[in-house]
Structures are given as structure tokens and as C-alpha cells.
Amino acid sequence: MRRLIRSQRAAGGWGIAFVVLLLVSAAMVSLPTAGESGERIAAFYSAHAQLISVQQVVGIVALAAFIAFALSLPPNRWLRRALWAFVVSELVTNIVPLIIVATKPASDAAHSLTFVEDLADSALFLSVALFVVAAALTQPLWLRAASYVVAAACAIRAMASPFGVTALDQVAPLIFVAFVLLLSVKLLVRPTGEIRSSATTNG
């Protein structure tokens with residue numbers, strides 16, 4: 001059981017599983033934001049109810065893989081805090097669309113719920129910014145530097161999105177996925193402990 005969730009190579013496997021599931025989920029449908037009218041939001045959910053439901057279920061499965069990925073990384077207090085902030089925010093972004101699909105609210109209520117989802121989405125990207133930096137603390141300098149770039153993009157995206165600035169809406173998620181994939185492959189090929197052991201032996 002330990003090999004499935006506590007080793008760094010396990011983290012690499014879970015990270016790749018998370019990336020695949022996340023990309024599958026993202027490809028299904030793009031949900032409307034609170035920048036659109038309540039009527040358009042309600043109509044969109046009515047027209048795509050089944051696909052949206054499947055997307056959120058896949059998203060929850062991806063979240064489970066992400067939790068396993070994070071718990072398999074070398075632990076530190078910031079990593080765990082970022083993980084649970086990520087979990088809470090992601091669950092809200094999954095649950096709100098399911099509520100809209102299930103209850104078929106009026107346009108005003110649909111708009112209000114979408115606004116809540118947008119706020120949770122911003123909180124999610126703030127947690128991502130903290131997570132990538134914390135996850136790279138024990139990694140080589142080049143990977144730590146990459147984490148700072150990803151964190152900056154995600155933090156700016158989180159703070160700018162509620163004001164209607166969409167420049168990083170596509171970029172921030174993609175570089176986060178790229179970072180997780182890069183870290184996962186690195187952990188599969190050469191875990192951090194192996195690097196330290198090699199350095200000690202060569203010294």
C-alpha cells in the first residue's frame with residue numbers, strides 16, 4: 001500500500017494520471033462565467049446538462065488522483081495547507097455546476113451560483129500558486145525556478161479574473177499542467193532521494 005501512495009515514483013504515476021484526467025475533463029465542455037447573462041448561463045446548462053455532469057464526475061476522479069500525487073511528495077507544512085485549500089476550492093467548482101444541473105434554477109440564481117463558482121476558481125488558482133512552490137522545495141534549482149513562474153502566472157490569473165481580465169485564463173492552467181507533468185516524469189526517472197544519494201557517494 002505504501003508503494004501506491006507514499007513513494008516518489010508513486011507520486012510520478014499519480015501526477016500523470018491527474019494530468020490525463022484533467023485534460024479529458026477540460027476537453028468536454030467550457031463552462032460559462034458570471035460575465036455572461038443569467039439567461040445564457042441557464043440556457044447553456046439546460047442544453048449540456050448530461051455532458052456537464054460527466055465532466056464534473058471526471059473532475060472529482062482527477063481530484064482524487066491529485067490528492068494521491070500530493071500525499072506522495074516529500075511533505076512540508078505549506079504543501080499540506082496548499083493541498084487542502086486546493087481540494088476545497090476544486091470541490092466547490094465541481095459541486096456548483098452539479099447543483100445548477102440538478103435544480104435548474106432561474107436565470108438570476110444561475111448567475112449567482114456561477115459567480116460563486118468564479119470566486120472558488122480564483123481561490124483554486126491561489127492554492128495552485130502556493131502548491132507548486134511548496135512541491136518544488138526539495139527539487140533541483142531549475143525546477144524550483146519553473147515553479148516560481150507557474151506560481152506567478154496562477155496568482156495573477158486568480159486576482160485578475162474577477163475583474164474580467166482573461167489574458168491568463170488559458171495560459172495559467174496549461175503551464176500548471178505542464179509543471180505537474182514535468183515534476184511527475186522527473187520523479188519517475190530520478191526521485192529526489194536518489195539525487196542526494198548520488199551526490200553523497202560522489203562526494
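These numbers come from a predicted model, not from an experiment.
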*Taking the side chain as C-beta and beyond, is there a heavy-atom pair between L83 and F66 under 4.5 Å?*
yes
*asked:* Which heavy atom of A110 sits nearest to which heavy atom of G38, and what is that distance?
replied: CB-O, 4.4 Å
*asked:* Contact between Q139 and S147 at the side-chain level, heavy atoms closer than 4.5 Å - yes or no?
replied: no
*Close side-chain approach of L73 and F131, heavy atoms under 4.5 Å*: yes
*Same hydrophobic cluster for V54 and V61, using side-chain heavy-atom links shorter than 4.5 Å among ILVMFWY?*
yes
_Between SG on residue C154 and CG on residue L124, distance to nearest 0.5 Å_ = 9.0 Å
*For E36 against I41, the heavy-atom pair lying closest together*: O-CD1, 3.7 Å
*With sequence neighbours excluded, what pairs up with D169 under the salt bridge (charged side-chain N to carboxylate O under 4.0 Å, His left out) test?*
R157
*Which pair of heavy atoms, one from T114 and one from A34, lies closest together, and at what distance?*
CG2-N, 3.4 Å
*How many angstroms lie between CG in L168 and CD1 in I175, if you round to the nearest 0.5 Å?*
7.5 Å
_Nearest heavy-atom neighbours spanning N76 and A134_ = ND2-O, 3.2 Å
*Looking at side-chain heavy atoms only, is the closest gap between L182 and W142 below 4.5 Å?*
yes
*With side chains defined as the heavy atoms from C-beta onward, is the minimum distance between Q56 and L31 less than 4.5 Å?*
yes
*asked:* Are the side chains of L174 and V171 in contact, using a 4.5 Å heavy-atom criterion?
replied: no
*Report the distance from atom NE2 of H111 to atom CG of D118, rounding to the nearest 0.5 Å.*
8.5 Å
*What is the distance from atom CZ of F179 to atom CG of L181, rounded to the nearest 0.5 Å?*
11.0 Å
*asked:* Other residues, nucleotides and ligands only: do more than 12 of their heavy atoms fall within 6.0 Å of CZ on R81?
replied: yes
*If two hydrophobic side chains count as joined below 4.5 Å and joins carry through other members, does L137 share a cluster with W84?*
no
*Heavy atoms only: give me the nearest L188-G13 pair and the separation to one decimal.*
CD2-N, 3.9 Å
*Which one of S89, S161, P173 satisfies the side chain to side chain contact (heavy atoms under 4.5 Å, CB included) criterion with F125?*
P173
*Joint hydrophobic cluster, L130 plus V133, side-chain heavy atoms closer than 4.5 Å*: no
*Any side-chain heavy atom of P32 within less than 4.5 Å of one from Y45?*
yes
*Nearest 0.5 Å please: distance from the OG atom of S37 over to the CZ atom of F44.*
13.0 Å
_Linked, directly or transitively: L187 and F176 (ILVMFWY side chains, under 4.5 Å)_ = yes
_Nearest heavy atoms of P75 and R80, plus distance in Å_ = CB-NH2, 3.7 Å
*So, S112 side chain and D108 main chain: donor-acceptor pair closer than 3.5 Å or not?*
yes
*Side-chain heavy atoms of W14 within contact of I67, under 4.5 Å*: no
*Would you kindly confirm whether F86 and I60 end up in one hydrophobic cluster when ILVMFWY residues are joined by side chain heavy atoms under 4.5 Å apart?*
no
_Side-chain donor/acceptor of S46 to backbone N/O of A43, under 3.5 Å_ = no
Could you tabulate the donor-acceptor pairs under 3.5 Å formed by side-chain atoms of residues 15-29, not counting sequence neighbours?
| from | atom 1 | to | atom 2 | distance (Å) |
| --- | --- | --- | --- | --- |
| S25 | OG | Q55 | O | 3.4 |

*asked:* Nearest 0.5 Å, please: how far is NE2 in H48 from OG in S53?
replied: 12.5 Å
